[in-house]
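Reading through the structure tokens given below for one structure.
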Amino acid sequence: MTDTRRTDAVLLLVALVWGSSYLSAQTAAAALPVLTVLFARYALSALACLGLVAARRSRWSRDELRAGVPLGLTQAAVLVVETYGVAHTTAANAGLIISLTIVLTPLLDRSGHPGGLPPSFYAAAGVCVLAVGLLMSGNGFHAPRSGDLLMLAAAGVRAGHVALVGRLTTRRAVRPVHLTAVQTLVGTGLFLPVAAGGLPELGRASGATWAQLLYLALLCSVFAFLAQTWAVQRTSASRASLLLGTEPVWAALVGVTLAGDHFTPLTALGAALMVAGTYWGQAVERRHRGAAARRPEEAALRPGVPAESLAAPHRDSPATAQAGHS
């Protein structure tokens, strides 16, 4: 296997793991209170990250602490809304609706889009909004389920989180393992007081429930983030985001094959439109960002025109590829 194919395979594996996380979270939340599930997920992740940091025998930098604390708070907010949402909707719907993050993030992170995004991006966003309406419709148009609305809110909160990742980590000495460790410690500290009452129930949880918690912590959180960072360093963020963008496809497949979720004609159309809309929006944003990066180079060939006046600094970082998941 060539290095390119190996990198692509790792990114597809990350997308598969993230796509399956909704069913795992739904299963765990059915056996334990949501806040207890989140505490266990964070605590197990923190233990794994601290072990990795200790193995490297290095301390946290100021940049890692300054970025990790606020990002830990926003990431915790994402997971609270997301886990409550997936507990009240289907795993397939959760994975598809949360992919709206891909088109919401560029609306919040305007650093690479001087002059605003092109009209075609808003058309793609409109397709995604229509897709969400169809996914919420079920067998016919009716009042949306609370879980679907929570997943919609989670997509907005996650988009803000991803935009903040870019602002706090760009051009700073931030190591992924150390940053993840800070975030997991912040989340553990946040959820311990509110989940304390459920700790006896956690101790009595079945082996199957603990397996879901370990899967969420070690694979969906620690492994997926580190594997994503490793892969992005070996390919372009654009290619990585394209492969990671298959997450909603995997979420739908896992939901249908393992959870018994069913698509009506309307929700099937919504699923197809969501995948098409997010890929379209992603492609438009990537082309626009690339064009903005080329303008300073073109200006350098024209005497008397300062490159700084034509475009903002280009930033195509791992945060761009992270828009699909936290």
Q. Tell me the salt bridge (Lys or Arg N to Asp or Glu O under 4.0 Å) pairs involving residues 193-203, sequence neighbours left out?
A.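 For residues 193-203: none.
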Q: Please list all pairs passing the salt bridge (Lys or Arg N to Asp or Glu O under 4.0 Å) test where one or both residues lie in residues 183-194, with sequence neighbours left out.
A: none
Does a side-chain heavy-atom distance below 4.5 Å link [X] with [Y]?
X      : Y      : result
Leu213 : Leu202 : yes
Phe39  : Leu199 : yes
Phe223 : Leu218 : no
Tyr122 : Leu107 : yes
Gln228 : Leu244 : yes
Arg287 : Phe121 : no
Leu100 : Thr278 : no
Met274 : Pro248 : no

How close do [X] and [Y] get, counting heavy atoms only, and between which atoms?
X      : Y      : result
Thr246 : Ala15  : OG1-CB, 3.3 Å
Val86  : Ala94  : CG2-CB, 3.7 Å
Pro70  : Leu65  : CD-O, 4.5 Å
Cys49  : Val222 : SG-CG2, 3.9 Å
Ser120 : Trp280 : O-CZ2, 3.9 Å
Gly95  : Tyr22  : CA-CE1, 3.6 Å

Could you give the distance from [atom1] ([X]) to [atom2] ([Y]), rounded to the nearest 0.5 Å?
X      : Y      : atom1 : atom2 : result
Leu192 : Leu38  : CG    : CG    : 13.0 Å
Leu79  : Arg158 : CG    : CZ    : 8.0 Å
Asp8   : Leu12  : CG    : CG    : 6.5 Å
Phe225 : Trp18  : CZ    : CH2   : 8.0 Å

Please say yes or no: joined through hydrophobic side-chain contacts below 4.5 Å, possibly via intermediate residues, are [X] and [Y] part of one cluster?
X      : Y      : value
Leu258 : Trp250 : no
Leu134 : Met151 : yes
Leu11  : Val254 : no
Leu50  : Leu190 : yes

(Q) Going by side chain to side chain contact (heavy atoms under 4.5 Å, CB included), Leu164 matches just one of Leu71, Leu108, Thr169. Which one? (A)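 Running side chain to side chain contact (heavy atoms under 4.5 Å, CB included) over Leu71, Leu108, Thr169 with Leu164 returns exactly one hit, Leu71.
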**Q.** For Tyr42, ring pair (Phe, Tyr, Trp, His ring centres under 6.0 Å) partners two or more places apart
**A.**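 With sequence neighbours excluded, Tyr42 shows a ring pair (Phe, Tyr, Trp, His ring centres under 6.0 Å) to Phe191, given in chain and number order.
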Q.
Does either side chain, that of Thr209 or that of Gln212, offer a donor lying less than 3.5 Å from an acceptor on the other one?
A. no
Q: Report yes or no: do Ser58 and His178 form a side-chain donor-acceptor pair below 3.5 Å?
A: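 Yes.
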Can you check whether [Y]'s main-chain N or O pairs, donor with acceptor, with [X]'s side chain at less than 3.5 Å?
X      : Y      : answer
Ser99  : Leu96  : yes
Gln26  : Thr89  : yes
Asn93  : Asp148 : no
Thr101 : Ile98  : yes
Thr184 : Thr180 : yes
Thr267 : Gly270 : no
Asp261 : Ala92  : yes
His88  : Tyr84  : yes

Q: Take Thr4 and Thr7 through the side-chain hydrogen bond (donor to acceptor under 3.5 Å, both in side chains) test and state the conclusion after the steps.
A: CA-CA 5 Å; Thr4 299; Thr7 303; over 6 Å; no
**Q.** Matching residue for Tyr215 among Ser21, Ser20, Ser24 - test: side chain to side chain donor-acceptor pair (under 3.5 Å)
**A.** Ser20
Q: For the pair Arg6 and Asp3, find out whether any cationic side-chain nitrogen is under 4.0 Å from an anionic carboxylate oxygen.
A: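 Looking at Arg6 and Asp3, the cut-off is met.
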